[in-house]
Amino acid sequence: MKSGIHTKLTIGLALLWAGAGCTTVPKAAPRPGVPSGIEGLNLEELEEPKDKSFRSRVEGLTHYLTSRSFEFRGKPDDSLKHLEAAAKADPEQESVVILTARRYLQKKKTDKAIEVLRLGQVANPDSVATHEWLGLAYQQANQPAEAIAAFETAVAQGQPTLISIRGLTKLHSAAKRFDEAFKVLDTALTKDKPQPEFWIGIADLYRDTGLAAKSKISDIKTGIIAALDKADALKPESPLTIHRLADYYKLWGENEKAIRLFVSLIELSPSLVGVREQLAELYLREEKTEDATKQLEAILRSRPTNERALFVLGGIKRDLDKLDEAAAHFETVLKINPKFEPAYYELASVQLFQDTPKKTLETLEKADKQFKATFINRFYAGLAHSSLHHFSRAIENLLEAEELAQAGEQNRLTHFFYFQLGAAYERNRQYDTAAKIFNKAIGMSPEYHNAMNYLGYMWADINRNLDEAAKLIIKANELEPDNAAYVDSLGWLYYRQGKFDEALTELLRAAELTKDEPDSTIFEHIGDAHQALGQADKAKAAWQRAHELLDVQLNKAKAPDAYLFEQLGNVHHKLGQANEAKDAWKRSYEITPTEALREKLHPAKKEG
């Protein structure tokens with residue numbers, strides 16, 4: 001029953017709306033214009049604009065807005081179609097033309113990009129950006145001649161950007177026309193550009209062009225520094241730009257300029273650890289050790305475990321001969337980072353200077369357990385064993401170091417390396433081998449007087465090859481005339497040659513040169529010369545002084561020294577102290593047995 005009531009009610013209301021609609025309503029008076037779709041309301045009809053440029057701008061704007069709409073709706077193809085229409089409708093709109101070209105270049109449709117840019121070039125011939133982008137489009141289309149023409153047009157406008165300058169230099173460089181590329185850059189230097197980044201970019205191009213042309217560093221440095229100076233003169237405010245400029249100056253050896261810029265960065269932000277590290281490095285280059293130390297200590301105040309700062313500071317302390325402080329810094333580095341391999345070798349070098357060869361070997365052994373064998377490890381081990389008078393082990397280590405260097409670090413095999421190897425052979429009484437090695441060192445460095453003297457003295461001391469010894473010792477004295485060791489060698493050479501007066505003169509001069517740190521060998525030689533001249537009392541006094549000095553040396557020695565014990569035995573023998581001489585020779589023989597010592601201990605009985 002309810003549904004029937006509802007139906008009757010609906011019909012009644014419909015009849016009532018229909019009746020009301022039959023009532024007559026007066027119509028609005030007609031009005032001029034275009035019908036609006038609303039009765040009685042027309043739109044005013046406007047005449048079509050006669051200005052074509054205005055029509056083009058309107059059409060272009062319409063297409064541009066449509067393009068943006070499609071872009072927002074995720075329809076890039078439709079967006080690009082209307083963007084192209086906007087550029088063609090109003091090519092005077094530089095930004096729209098370039099945006100269209102960029103989109104087509106991204107899609108590798110260079111022909112479309114060139115078409116649009118050509119329209120923009122005609123409509124806006126003074127547009128640097130349009131010429132530059134046309135150059136890029138031609139470049140992408142592999143049309144270098146057209147690209148160069150477009151870039152040159154842009155450069156000729158007076159205010160080119162890096163796009164055209166970079167494009168021209170790259171194209172000329174690719175065609176091996178390096179002179180033309182450098183002309184482009186030299187011309188760029190005459191421009192008046194207020195952006196520091198522009199000039200850093202020019203410096204980049206000088207560098208890249210120079211590398212491609214394989215130019216000498218000196219040939220490209222002038223242009224690079226000129227560009228950097230222009231950037232610097234603009235007083236850049238961006239920390240990134242300042243940092244890049246400072247890095248560039250540092251790379252090209254303009255240390256003072258780099259320091260000034262890095263200091264300005266520290267003033268802006270004192271917490272820049274990396275900048276302080278670079279400052280410290282620059283100060284060290286300029287031998288401003290105190291300034292470098294301040295920067296490193298500032299780093300360590302904020303970051304006490306900065307291993308790099310500790311490592312560099314350790315090197316500074318070593319160079320200042322503050323060996324204990326240096327060792328402490330390197331030890332701290334290794335506590336922080338046991339895998340910091342260079343710290344082991346720096347610590348070992350300090351320990352060698354401290355004359356603690358056992359500690360040196362312990363440090364090198366720790367490195368050896370973690371890292372592969374290196375030249376420096378074996379070289380330092382050889383020096384440490386030499387200090388301990390383990391000459392056979394020293395030779396073994398040094399030969400291994402030589403083998404490692406020959407496999408990849410041949411520059412390590414210097415005259416100094418071979419001098420150390422020769423000295424180890426000589427101390428091990430392998431004189432002929434030592435001579436070959438010393439001669440190799442001298443061949444590598446013809447004025448290496450240290451090796452000349454060592455080899456010459458070796459021959460004189462064992463009373464062999466005295467003519468060769470004379471040439472070497474005299475040459476060493478000519479190169480360094482006031483070296484007490486060389487003067488002593490000359491005196492001993494004269495002694496071996498039987499020139500006792502000349503010998504005594506040179507030996508006394510050697511003693512005078514070492515009066516602050518007297519040497520036992522020199523006094524033993526003086527005693528021998530006096531004895532040869534029949535001056536027994538003076539000989540005895542000199543030998544006694546040699547004995548006193550040897551006692552001091554033996555007490556200070558870190559390990560038993562076969563040479564010192566043999567020398568002590570010789571002095572005792574000259575003083576007529578047979579038992580003491582035999583005891584000293586025996587100690588020497590126990591350390592390094594030689595035939596000469598065996599004969600001293602067990603002299604052959606004379607026949608008859």
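No side-chain donor from either of Tyr495 and Glu502 sits under 3.5 Å from a side-chain acceptor of the other. Side chains of Tyr249 and Asp229: a donor on one and an acceptor on the other come within 3.5 Å. Counting only N and O atoms by type, the side chains of Tyr454 and Glu426 include a donor and acceptor under 3.5 Å apart. The closest side-chain donor-acceptor pair between Tyr457 and Asp488, if any, does not fall under 3.5 angstrom. Remark: the Asn453 side chain and the His449 side chain contain no N/O donor-acceptor pair separated by less than 3.5 Å.
In Gln370, the CD atom is crowded: over 12 heavy atoms of neighbouring residues, nucleotides or ligands sit closer than 6.0 Å. Residue-environment remark: CG (Asn463) exceeds the threshold of 12 foreign heavy atoms within 6.0 Å.
Counting only residues at least two apart or on different chains, the ring-ring contact (aromatic ring centres under 6.0 Å, His included) pairs with a member in residues 278-316 are Phe311-Phe330, Phe311-Phe340.
For Arg429 and Phe391, the positive end is not near the middle of the six-membered ring at less than 6.0 Å and at most 45° from its axis. Cation-pi contact between Arg598 and Tyr589: absent, since separation from the ring centre below 6.0 Å together with deviation from the ring axis within 45° is not met.
In this structure, Leu490 CG and Asn483 CG are separated by 12.0 Å, a value rounded to the nearest 0.5 Å.
Residues Phe523 and Trp543 are not in side-chain contact: their nearest non-hydrogen atoms beyond the backbone lie 4.5 Å or more apart.
Ring pair Tyr494/Phe500: centre-to-centre distance not below 6.0 Å. Taking the six-membered ring for Trp, His573 and Trp585 have ring centres closer than 6.0 Å.
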- request: Could you give me the CA-CA distance, side-chain angles and deciding distance for His572 and Glu580, then say whether side-chain hydrogen bond (donor to acceptor under 3.5 Å, both in side chains) is met?
  value: CA-CA 6 Å; His572 278 304; Glu580 290 86 343; 5.1 Å; no
